[in-house]
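Below, chains carry the letters A, B, ... as their sequence lines are ordered, and counting in each starts from 1.
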Number of protein chains: 2
Amino acid sequence: MELNILEPYLWEPDKYLRNVAVDNVIFGYHDKELKVLLQKPIVLEKWTVTGGYILKTESIEDAADRIAFSRTGLKNLFFQQFRSFGNPERTVDSGFNARRINELTNAQMPDDCWIFDYFVSIGFYTLTEFSAVELKKAEIETDCAWWTVNDLPPLMFDHKLLIAEALKALRLHIAHYPIGYELLPGKFTIPEIHSLYETILGRQLDIRNFLRRLLATEIIEKLNETKSIGGHRSPFLYKFNKPKYDEGLENGVLLSF
Amino acid sequence: MELNILEPYLWEPDKYLRNVAVDNVIFGYHDKELKVLLQKPIVLEKWTVTGGYILKTESIEDAADRIAFSRTGLKNLFFQQFRSFGNPERTVDSGFNARRINELTNAQMPDDCWIFDYFVSIGFYTLTEFSAVELKKAEIETDCAWWTVNDLPPLMFDHKLLIAEALKALRLHIAHYPIGYELLPGKFTIPEIHSLYETILGRQLDIRNFLRRLLATEIIEKLNETKSIGGHRSPFLYKFNKPKYDEGLENGVLLSF
DNA sequence: TGAATAGTGTCTTTAAGACAGTATATC
DNA sequence: GATATACTGTCTTAAAGACACTATTCA
């Protein structure tokens, strides 16, 4: 049942900060679809964003990274803080309360035990290439799956809002900074990066105007190779110019589509 | 000494969330200057942003509002979350540790007491009209003063970074949303709002281009009155069109100067 | 009437947006 | 050579940026 999301915290509470956690909205892109990684206690019908508590020895960024790694097995993903969430009502529908615990475990916890206080969630989002991920269902009772952002299951806590805000932040980010290094193979085609942008923004982008502006940023370089895709003309391959890309991440690049 | 910043938390720790706090960078505008409200334990030379802990019964936004009110006496100020800060090193130079406490109070606190764990700060910034504020020096041992953002005193923790990030967020905000309702009197002149924008952005704005775009947003309305300022031509007074202003806050208004 | 600040308009340049026909790889 | 997708260029429109003179108040 749903308590598993708190288990490490319950086993070794002294290793973690109290009343504060990291929730990491892991976005996966693959084959023109934008998905989000969710987990679910098998016996419940509500899902959650991947999240966890913060070790006293790590930063909130370390925690976000560790949480992403624990589910995807990937390190050095691009991630970004977007907003924090905290109000006494945010966990009320979670079923996590003294009455429930006492029913389920024959414990005798008082209602005002600190563990039932609400916690503040620091929201991050992470970008990853979908097909590179081998989902880790660490706990046997937890289901873990990709869901398309336009068709989400019922979500626990305020996680529907959390995902909506993460997506909003991602779409704002993409208008001011380059994106794609973590989401595309080392060599990619124009149609591929074009689809990536269309998918993340959720709307069509005129390819001529898109390309004009993308090339103006100089973050991609044309290679002298083409990719055979069968049946018709082969597109040229491109790669990111990493120094320009990183400079764009630092100082901003206007790609306001 | 510097312990006072934690005092309410120490007196009644059960009323507050642990390991998480709100820091509220209170910006004050007055007479073409942008200032930030800082407080300081009198016996120390380092200052801090106004901050405090979160009651278990309130949201993080409530906490930010309460903190601003406790120092300025003003309610319903414009405030905005901008980023959270959390890493084990952020409080190391604060002098807040078991050895220090034991020296100062003849207590016998162990080094690993939870109260010395680092805490996560949820950063907000607040905007207020400088001259409306009567500073409240709640605790006799705390100094409280306005400092111009370009000339800050030595700051505790990572508060220098916190202020820099708040200012960055404010400048980003001003490019996409209207600002000024909380910072200008009900009736104000074009030179006044022009100066406000110049001050916040820290650079000059051509008044003709500025006005063209400001008027295009329709968030201000010309009144049939002028303000006598002595010695020369009197500027017309304007007021905000609150519905348009609020709609701009909601949906964004392009004022990218 | 002079000093000081308010207030206004045009031209140039740049970027955004709309739009369609040609090129080429593969079958 | 038929098909499917890659690739390219121009025109129109809107916004940004640069720039300077006239108007008004009051001392």
Side-chain angles (χ1 to χ4, degrees), chain A residues 31-32 171-172 174-178 184-185 187-199 201-239 248 252-257, chain B residues 31-32 171-172 174-178 184-185 187-199 201-239 248 252-257:
Chain A
D31 200 17
K32 306 192 181 183
R171 287 176 176 167
L172 189 66
I174 205 179
H176 293 279
Y177 299 93
L184 293 172
K187 296 176 182 180
F188 54 88
T189 68
I190 294 299
E192 282 167 355
I193 193 171
H194 178 231
S195 286
L196 171 65
Y197 273 78
E198 286 194 332
T199 301
L201 288 171
R203 60 189 165 88
Q204 293 201 313
L205 299 171
D206 182 285
I207 182 125
R208 292 158 292 186
N209 297 334
F210 170 80
L211 196 55
R212 186 207 306 154
R213 276 172 279 176
L214 181 61
L215 290 174
T217 66
E218 299 184 304
I219 61 170
I220 64 168
E221 283 174 9
K222 193 174 190 170
L223 299 173
N224 223 347
E225 306 170 57
T226 57
K227 179 176 181 176
S228 181
I229 50 173
H232 44 80
R233 182 170 176 178
S234 308
F236 276 92
L237 285 164
Y238 286 74
K239 70 180 178 78
V253 168
L254 247 303
L255 267 178
S256 54
F257 300 108
Chain B
D31 200 17
K32 306 193 181 182
R171 287 176 176 167
L172 188 66
I174 206 179
H176 294 279
Y177 299 94
L184 293 171
K187 296 175 181 180
F188 54 88
T189 67
I190 294 300
E192 283 167 356
I193 193 170
H194 178 230
S195 287
L196 171 66
Y197 273 78
E198 286 194 331
T199 302
L201 288 171
R203 60 189 165 89
Q204 294 201 314
L205 300 171
D206 183 284
I207 182 122
R208 291 158 293 185
N209 296 335
F210 169 79
L211 196 54
R212 185 207 307 153
R213 275 173 280 176
L214 181 62
L215 290 174
T217 66
E218 298 183 307
I219 61 171
I220 65 168
E221 283 173 8
K222 193 175 190 171
L223 300 173
N224 222 348
E225 305 170 58
T226 56
K227 179 175 180 177
S228 181
I229 50 173
H232 44 81
R233 181 169 177 177
S234 308
F236 276 91
L237 286 164
Y238 286 73
K239 70 181 177 80
V253 167
L254 248 302
L255 268 177
S256 53
F257 301 107

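Closest of all the heavy-atom pairs between B:F210 and B:L205 is CD1-CD1, 4.1 Å. Residues B:E192 and B:K187 approach most closely at OE1-O, 4.5 Å, considering heavy atoms.
Across the protein-nucleic acid pair, A:L211 atom CG and C:dA16 atom C1' stand 15 Å apart, rounded to whole Å. Following rounding to the nearest Å, A:F210 (CZ) and D:dG9 (P) show an atom-to-atom distance of 18 Å. Residue A:Q204 contributes atom CD, which lies 12 Å from atom P of C:dA18 at whole-angstrom precision. Summarising the geometry, the separation between CG on B:N209 and C1' on C:dT13 is reported as 13 Å, rounded to the nearest angstrom. Between B:E225 atom CD and C:dA6 atom C1' there is a gap of 17 Å when expressed in whole angstrom units. At whole-Å resolution of the value, CG in B:L215 and C1' in C:dG7 are 11 Å apart. Counting to the nearest Å, the P atom of C:dT8 and the CG atom of B:D206 are 14 Å from each other. D:dA18 atom P lies 16 Å from atom CD1 of B:I207, rounded to whole Å.
Contact annotation: the side chain of B:L237 never approaches that of B:T226 to less than 4.5 Å [non-hydrogen atoms, C-beta and beyond]. At least one side-chain heavy atom of A:R213 sits under 4.5 Å from a side-chain heavy atom of A:N209. With contacts defined as side-chain heavy-atom distances shorter than 4.5 Å, the pair A:I190/A:Y238 qualifies.
Contact check, B:K222 against C:dT8: a side-chain N or O comes under 4.0 Å of OP1 or OP2.
Distances from the side chain of B:H232 to the nucleotides D:dT8, C:dA25, D:dT25 place D:dT25 closest.
If you check distances only, the side chain of A:R233 does reach the base of C:dA23 with a donor-acceptor pair under 3.5 Å.
Using a 4.0 Å heavy-atom distance criterion, A:K227 is classed as making no nucleic acid contact. Counting non-hydrogen atoms under 4.0 angstrom, B:T226 reaches nothing in the nucleic acid. Residue A:T189 is out of contact with every strand shown, counting any heavy-atom pair closer than 4.0 Å.
Along DNA chain D, the nucleotide nearest to B:G231 and the one nearest to A:R208 differ in position, and the one closer to the 5' end is contacted by A:R208. Toward the 5′ end of DNA chain C lies the nearest nucleotide of A:R212, the other residue of the pair A:R212 and A:S234 mapping further downstream.
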